[in-house]
A.B. asks: 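The structure under discussion is supplied below as structure tokens; questions concerning it will follow.
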There are 2 protein chains.
Amino acid sequence: MNSQQLRTFVTVADHRSFSAAAQALGYTQSAVSQHIAALEADLEAPLLTRRPVAPTEAGERLLEHARPLLLRLDAARADVARLRRPRPGRLAVAGAPGALTPAVTRALARARTESPQLVASMRVCGRGEAVQAVLTGAADVALVDGAVAATDPLPLSGADFLTALPVGEEPLAVLLPAAHPLAGRTTLRLADLAAARWIDAPDAAAPLAQLRSAAQSDGFGVQFTYTGTDTRGLSLLVAAGAGLTTAALSAAADLPGLTAVPITEPRIVHRTELLHPRTPTSPVLELVELLRRA
Amino acid sequence: MNSQQLRTFVTVADHRSFSAAAQALGYTQSAVSQHIAALEADLEAPLLTRRPVAPTEAGERLLEHARPLLLRLDAARADVARLRRPRPGRLAVAGAPGALTPAVTRALARARTESPQLVASMRVCGRGEAVQAVLTGAADVALVDGAVAATDPLPLSGADFLTALPVGEEPLAVLLPAAHPLAGRTTLRLADLAAARWIDAPDAAAPLAQLRSAAQSDGFGVQFTYTGTDTRGLSLLVAAGAGLTTAALSAAADLPGLTAVPITEPRIVHRTELLHPRTPTSPVLELVELLRRA
DNA sequence: TCATGCACATCAGTATTTCTGATGCAGGGT
DNA sequence: ACCCTGCATCAGAAATACTGATGTGCATGA
């Protein structure tokens with residue numbers, strides 16, 4: 001079992017096809033077949049059904065290991081490469097949309113103007129993708145947000161090897177349609193909303209799992225899943241009554257047809273954290289400094 | 001960069017010698033040389049100094065990634081193997097010494113007597129080793145302990161893919177020599193002891209890092225490090241005045257020359273957790289059931 | 001200062017592995 | 001029933017990885 005075989009396996013599972021995976025990897029279909037056969041012989045278990053191509057139970061299990069494993073392999077290479085050749089002229093930011101609070105965007109803009117020859121870039125993506133980007137060196141910093149108890153760090157998987165730094169904390173608000181019966185309230189307790197209809201938008205807002213663990217509740221049933229990072233679309237859905245979601249209180253200002261009500265109980269906050277490699281480049285340190293002063 | 005090269009690299013770093021690593025791996029010295037050369041060429045960075053053989057900065061960085069990576073590779077294989085062929089007649093327990101509270105040992109003994117043909121084994125080791133044993137399939141369950149805030153889970157690295165289950169919680173006590181000025185107290189606050197002399201015995205008691213984070217303090221300076229899992233030796237050291245350590249209150253009963261004083265502030269407990277793979281064998285479930293009833 | 005030995009590097013040759021391209025074979029669609 | 005698509009298999013070629021022999025540089029000690 002080697003990493004190349006694992007990469008082939010993951011690719012086949014993703015493409016649901018040996019030949020497509022072969023093309024994607026630049027191999028012949030024959031080679032892919034042999035990789036999978038070798039893996040299955042090694043582990044003494046069928047990993048994929050053929051026709052249709054789909055992971056077996058053992059395959060699913062292996063996939064869960066293989067994906068992070070390959071990611072960490074890339075991370076290891078990137079980590080050494082960073083040490084060898086830092087890129088001080090670049091500031092590539094990968095961030096979850098909820099992390100783009102006014103304070104953060106101001107700091108980004110200032111970093112840009114204060115160092116005119118800095119090549120800056122910003123990519124909005126899900127939390128996992130942002131972490132991955134920093135791990136593999138595609139980005140220099142990640143900005144991620146979430147809804148957690150005031151003293152807890154954000155739960156981020158795979159972020160060992162990265163330094164996390166809180167850069168913003170504000171009340172967490174529920175977004176409600178303006179016509180919602182609770183829209184008139186000035187504050188709300190999360191427990192009051194456990195039975196409500198929620199939209200789970202893990203890449204555009206705080207994942208419902210975070211609310212569930214913060215409220216220590218089994219509620220927050222998901223009837224609607226929203227995939228993507230566009231917060232406007234999410235707001236429109238909330239306004240249209242598809243369900244509720246959360247946001248940082250400041251991010252919820254002036255949304256037409258929507259009301260944001262801060263949550264007071266449990267003691268839960270919307271926190272933004274900055275993640276950077278343990279050997280950050282100077283633009284990253286500068287950004288950290290700007291955010292700290294803000 | 002493949003896993004075999006990484007394994008060679010780690011072995012060389014551990015042995016501080018190419019030839020010794022070659023012998024350990026069953027290769028020739030030449031092959032090891034070529035592995036390292038290939039890695040260094042691939043990453044475009046020297047990883048080891050020669051004469052003496054020691055990791056460079058880049059090498060250190062790579063090592064930090066390589067060790068967990070190789071561990072997870074083993075874990076992946078073990079996870080699939082478990083699915084293929086569960087071992088229902090075996091109960092191999094790996095546990096930190098502090099996890100062997102009376103309740104736990106009683107449950108282990110009962111599991112043994114209730115299923116006479118069960119092949120049981122118990123291995124006492126450090127936390128990391130216990131986690132590793134379960135990951136690689138060498139053990140079926142791990143029992144680990146630690147000192148944490150009442151609501152927090154134990155901080156265990158690499159224990160993704162494992163299910164954790166609290167199986168015991170009791171007050172955390174400081175072990176003091178009977179002659180210690182504070183030995184007469186019925187309770188103590190951790191802050192009172194931040195400036196004391198401590199023994200860091202990460203494999204025999206709660207690591208001082210856990211106390212530091214629970215107390216949110218920078219204290220607990222380490223003047224003495226104790227390596228190993230023998231709690232008796234540690235007790236003797238404490239009695240002899242080498243420094244303080246912690247234990248579950250119940251574990252501290254009747255230690256000659258020692259006094260155990262429970263800590264009341266911050267709200268910190270000694271918690272034992274059981275870790276098992278997501279597909280536990282029936283003896284593991286039985287043990288869990290016994291511990292839950294206890 | 002120089003001989004010596006040790007330990008890693010290098011090299012050439014061989015063994016092994018891993019590809020490719022051709023062909024085989026089984027299901028699903030027409 | 002037929003073909004078409006897509007995975008399996010096979011043989012040969014290419015690449016790679018290992019061994020054993022030899023080279024080289026450093027440390028040691030006289």
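In what follows, chains are A, B, ... by sequence order, proteins preceding strands, each numbered from 1. Scope of the values below: all heavy atoms of this structure, side chains included, with no hydrogens, waters or symmetry mates.
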A.B. asks: Of all the nucleotides listed (C/dT20, C/dC19, D/dT19), which has the minimum atom distance to the side chain of A/H35?
C.D. replies: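 The answer is C/dC19.
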A.B. asks: Less than 4.5 Å apart, side chain to side chain, heavy atoms only: is that true for B/L287 and B/V141?
C.D. replies: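 Yes; the side chains approach each other to less than 4.5 Å.
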A.B. asks: Dump the pairs, protein N or O against N or O of nucleotides 10-12 of chain D, anything under 3.5 Å, distances to one decimal.
C.D. replies:
unit_1: D/dC10; atom_1: N4; unit_2: A/S30; atom_2: OG; d: 3.2
unit_1: D/dC10; atom_1: N4; unit_2: A/Q34; atom_2: NE2; d: 3.3

A.B. asks: Check every strand shown and say whether B/Q4 touches a base, only sugar-phosphate, or nothing at a heavy-atom separation below 4.0 Å.
C.D. replies: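 The answer is sugar-phosphate, as B/Q4 gets under 4.0 Å only of primed atoms, P, OP1 or OP2.
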A.B. asks: For the pair made of OH in A/Y27 and C1' in D/dA14, what is the distance, rounded to whole Å?
C.D. replies: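 Whole-Å distance recorded here is 14 Å.
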A.B. asks: Could you check if a side-chain atom of B/N2 sits within less than 4.5 angstrom of a side-chain atom of A/Q4, using non-hydrogen atoms only?
C.D. replies: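 Not in contact.
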A.B. asks: Tell me whether A/S17 contacts the main-chain N or O of A/A20 through its side chain, where contact means a donor paired with an acceptor under 3.5 Å.
C.D. replies: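 Answer holds: yes.
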A.B. asks: Between A/L70 and A/S3, which heavy-atom pair has the shortest distance, and what is it?
C.D. replies: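 Heavy atoms only, the tightest pair is CD2-O, 3.7 Å.
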A.B. asks: In whole Å, I'd like the distance from the CD atom of A/Q5 to the P atom of C/dT17.
C.D. replies: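 Rounded to the whole Å, the gap is 12 Å.
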A.B. asks: Charged N to carboxylate O under 4.0 angstrom, A/R212 versus A/D200?
C.D. replies: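 Salt bridge: no.
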A.B. asks: B/I36 CD1 to D/dA17 P: how many Å, rounded?
C.D. replies: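 Distance, rounded to whole Å: 14 Å.
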A.B. asks: Which whole-number value in Å describes the distance from B/N2 CG to C/dT17 C1'?
C.D. replies: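 About 13 Å, once rounded to whole Å.
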A.B. asks: Could you give the distance from CZ (A/R51) to CZ (A/F18), rounded to the nearest 0.5 Å?
C.D. replies: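 Between atom CZ of A/R51 and atom CZ of A/F18 there are 10.5 Å.
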A.B. asks: For the residue pair A/F161 and B/H65, categorise the inter-ring angle as parallel (less than 30°), tilted (30 to 60°) or perpendicular (more than 60°).
C.D. replies: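 Geometry flag for B/H65 against A/F161: parallel rings.
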A.B. asks: Just the rounded figure in Å: distance from P of D/dT16 to CG of B/D42.
C.D. replies: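 Answer to the nearest Å: 12 Å.
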A.B. asks: Please write out the pairs of protein N or O atoms and N or O atoms of nucleotides 3-7 of chain D separated by less than 3.5 Å, giving the distance to one decimal.
C.D. replies:
unit_1: D/dC7; atom_1: OP1; unit_2: A/F18; atom_2: N; d: 3.1
unit_1: D/dC7; atom_1: OP2; unit_2: A/S19; atom_2: N; d: 3.1
unit_1: D/dC7; atom_1: OP2; unit_2: A/S19; atom_2: OG; d: 2.3

A.B. asks: Determine, for B/D140 against B/R90, whether the closest basic-nitrogen to carboxylate-oxygen distance falls under 4.0 angstrom.
C.D. replies: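 Yes, charged N to carboxylate O under 4.0 Å.
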